[in-house]
Amino acid sequence: MNKGKTNILVVDDEIGYRRVLKNALTEREFTVKTADSGENALEELKNQEFPIIIADMKLPGGIDGLELLQKVKEKYNTSVLIMTAYGGIETAVEAMKRGAFNYITKPFSLDEIILNVDRMIAQHNIIEENKYLHSELKKAFGLKTIIGTSREIQKVMDMISRVAFSTATVLITGESGTGKELVARAIHFTGNRKHKKFVVINCATLSENLLESELFGHKKGAFTGAIQSKKGLFEEADEGTLFMDEIGDIPTAVQAKILRVLQEGEFIPLGDTLARHVDVRIIAATNQNLLKQIKEKDFREDLYYRLNVISIKMPPLRDRKEDIPLLTKYFIEKYNKRENKQIIGISPEVEEEFYQYHWPGNIRELENAIERAITLTNEPIIPLPVISPFVKKEGENNTFWEELFSHPYKEARKKALDNFNIKYVMNVLNKNSGNVTNAAKEIEIERQYLQRILKKYHIKSRQSA
Ligand SMILES: Nc1ncnc2c1ncn2[C@@H]1O[C@H](COP(=O)(O)OP(=O)(O)OP(=O)(O)O)[C@@H](O)[C@H]1O
Ligand SMILES: [Mg+2]
């Protein structure tokens, strides 16, 4: 927290104290509000956050300092410094018991106040930092949750571990829902910046002006409505990582400024004259075709090359269907926990459906389908009717062949073969109620051979499950 931003609320019924404290603290660049009673202090707290309150013990009206302290502590993350008149030691001790940061007796010197305020800020910063790290760590657990054993996803994981410890800019491309943000987090939280911030900005949702002020910050008065100076996200992410999602949607004017940060490591906040230097690692993501945008002059070529130092392409789910069973299992466990259910798996028909489906929304779509199915059903095995509304198969056959034709011969052959293997084997397993021995007999191959196929595609049979 930087000093200029810190709000302090001074609560005292004596106007003399309110004035002295307000002047002294404003001079030190705090933003100070005052209240003359406990009731008015609580009103102020409804409008604004105050990390620090300095309150007199004796206040007029129904709420004295002690009660105010209690109410504040119940609701807000605020440090309270209590002022007492000479002789009020006993109540001061009571205030400490109820969670006051400290107390000082009137009359006090301004140095005493400043010393206490500095210590309160230091403590507040530690608490905020901890909260931040805690919440990020929870999300960072995502690291171990990049699920998949397919060659395609293994390549991505290899790439993550190779680039995590560099500061090179990374461009992650891929269809919607393929895990771009997941990968960006994984890079940050495995690398040596993991103890610094991972800051996310979605460039598609902000207007040009807002985007600029978000990224670079602004000085008080830089434009109408800029009532306070604001730190930009580049500064926020200093020494850490800035994840710029939907980078393809950035207006060209802002692109030029971002290019400058990438080239010089510096930028100027709106309305400011002084350049700020930052050390930020950029990870950008897009589901658009930037090369096409360059041709259409919507994206700067020089920025593209700056961003694309390392490029990671997220494979669509339809290109790594062998990961579907693992992902399914993972999401079933996830939503079992949340919904407090004991669903074991999906029926063979659902398995088949999942394999056939084109997954335009990729992993997010799979996750959503499972989430909805789990909230809807109490069957131990999710049956087809529960899932089929969420996976629409129209025109799938055509897309399947078109898709195949778009790949080089060997890749296409592998895909077709995988598809055939899974369909064929699932069909015969279903007919034999999951009995591998009988299934193998029926299709005239060795049991071990069938087992190998099942294992390769993570298909469950009654015996191998
Ligand atoms: N390999 C994976 N293993 C487990 N979960 C995954 C995997 N990939 C993606 N997910 C999950 O799928 C969802 C979508 O992922 P994410 O938000 O990273 O995708 P995205 O590519 O950023 O999508 P969009 O382009 O729509 O923003 C998230 O809930 C994420 O945790
Ligand atoms: Mg995303």
Side-chain angles (χ1 to χ4, degrees), residues 135-161 163-164 170-190 198-206 211 214 233 241-250 282-290 292-293 299 307-308 310-339 346 354 357-375 390-391 458:
S135 70
E136 281 306 304
L137 232 86
K138 265 204 211 148
K139 291 185 218 156
F141 233 62
L143 235 188
K144 291 199 188 103
T145 59
I146 299 184
I147 306 294
T149 52
S150 62
R151 207 160 43 100
E152 287 82 355
I153 203 70
Q154 289 302 325
K155 266 201 283 188
V156 171
M157 290 202 229
D158 265 9
M159 206 55 178
I160 293 172
S161 44
V163 304
V170 182
L171 179 65
I172 307 172
T173 54
E175 290 175 18
S176 146
T178 45
K180 296 187 292 293
E181 181 162 349
L182 196 67
V183 166
R185 284 184 183 277
I187 291 173
H188 174 81
F189 286 101
T190 18
F198 179 82
V199 176
V200 180
I201 180 162
N202 186 333
C203 305
T205 53
L206 301 167
L211 182 63
E214 277 293 309
L233 295 181
T241 304
L242 179 61
F243 176 53
M244 304 180 75
D245 206 359
E246 315 287 358
I247 191 103
D249 289 309
I250 293 191
I282 309 276
I283 302 180
T286 180
N287 55 21
Q288 305 198 30
N289 184 344
L290 291 183
K292 191 165 156 244
Q293 279 185 283
F299 205 85
L307 289 173
N308 198 24
I310 293 164
S311 99
I312 297 183
K313 279 205 192 82
M314 296 307 295
L317 186 55
R318 80 189 71 89
D319 282 355
R320 51 184 188 105
K321 285 187 171 169
E322 62 264 49
D323 284 339
I324 292 178
L326 271 182
L327 284 162
T328 303
K329 185 166 171 275
Y330 171 72
F331 291 131
I332 288 178
E333 275 164 21
K334 177 171 171 184
Y335 291 103
N336 261 344
K337 234 179 247 163
R338 199 190 73 185
E339 298 293 315
I346 53 178
F354 276 4
Y357 188 49
H358 195 63
W359 298 110
N362 294 294
I363 298 163
R364 180 176 295 117
E365 191 180 7
L366 175 65
E367 178 168 0
N368 289 344
I370 292 171
E371 179 186 3
R372 279 179 243 163
I374 288 189
T375 40
F390 310 123
V391 287
H458 305 281

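Remember, it's 1-based here, ligands and their atoms both numbered in the order they're listed. Keep in mind it's a predicted model, so treat the numbers as computed, not measured.
By the salt bridge (charged side-chain N to carboxylate O under 4.0 Å, His left out) test, Asp323 is found to be paired with Arg320, residues two or more places apart in sequence or in another chain being considered. The salt bridge (charged side-chain N to carboxylate O under 4.0 Å, His left out) test applied to Lys292 returns no partner, not counting sequence neighbours. With sequence neighbours excluded, the residues that form a ring-ring contact (aromatic ring centres under 6.0 Å, His included) with Phe354 are Trp359.
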What are the distances between nitrogen or oxygen atoms of ligand 1 and protein nitrogen or oxygen atoms, counting only those under 3.5 Å?
| from | atom 1 | to | atom 2 | distance (Å) |
| --- | --- | --- | --- | --- |
| ligand 1 | 1 (N) | Ile147 | N | 3.3 |
| ligand 1 | 1 (N) | Ile147 | O | 3.1 |
| ligand 1 | 3 (N) | Thr145 | O | 3.0 |
| ligand 1 | 3 (N) | Ile147 | N | 2.9 |
| ligand 1 | 17 (O) | Arg364 | NH2 | 3.0 |
| ligand 1 | 18 (O) | Lys180 | N | 3.4 |
| ligand 1 | 18 (O) | Glu181 | N | 3.1 |
| ligand 1 | 18 (O) | Leu182 | N | 3.0 |
| ligand 1 | 19 (O) | Gly179 | N | 3.1 |
| ligand 1 | 21 (O) | Thr178 | N | 3.4 |
| ligand 1 | 21 (O) | Gly179 | N | 3.1 |
| ligand 1 | 21 (O) | Lys180 | N | 2.8 |
| ligand 1 | 21 (O) | Lys180 | NZ | 2.9 |
| ligand 1 | 22 (O) | Glu181 | N | 3.2 |
| ligand 1 | 23 (O) | Gly177 | N | 2.9 |
| ligand 1 | 23 (O) | Arg364 | NH2 | 3.4 |
| ligand 1 | 25 (O) | Lys180 | NZ | 2.6 |
| ligand 1 | 26 (O) | Ser176 | OG | 3.2 |
| ligand 1 | 26 (O) | Gly177 | N | 3.4 |
| ligand 1 | 26 (O) | Arg364 | NH1 | 2.7 |
| ligand 1 | 29 (O) | Glu367 | OE1 | 3.0 |

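Once rounded to the nearest 0.5 Å, the distance linking CD of Glu367 with CD of Glu371 reads 7.0 Å.
Donor-acceptor pairing under 3.5 Å is lacking for the side chains of Glu246 and Asn202.
Note on Glu333 versus Lys329: salt bridge recorded, some NZ/NE/NH1/NH2 to OD/OE distance being below 4.0 Å.
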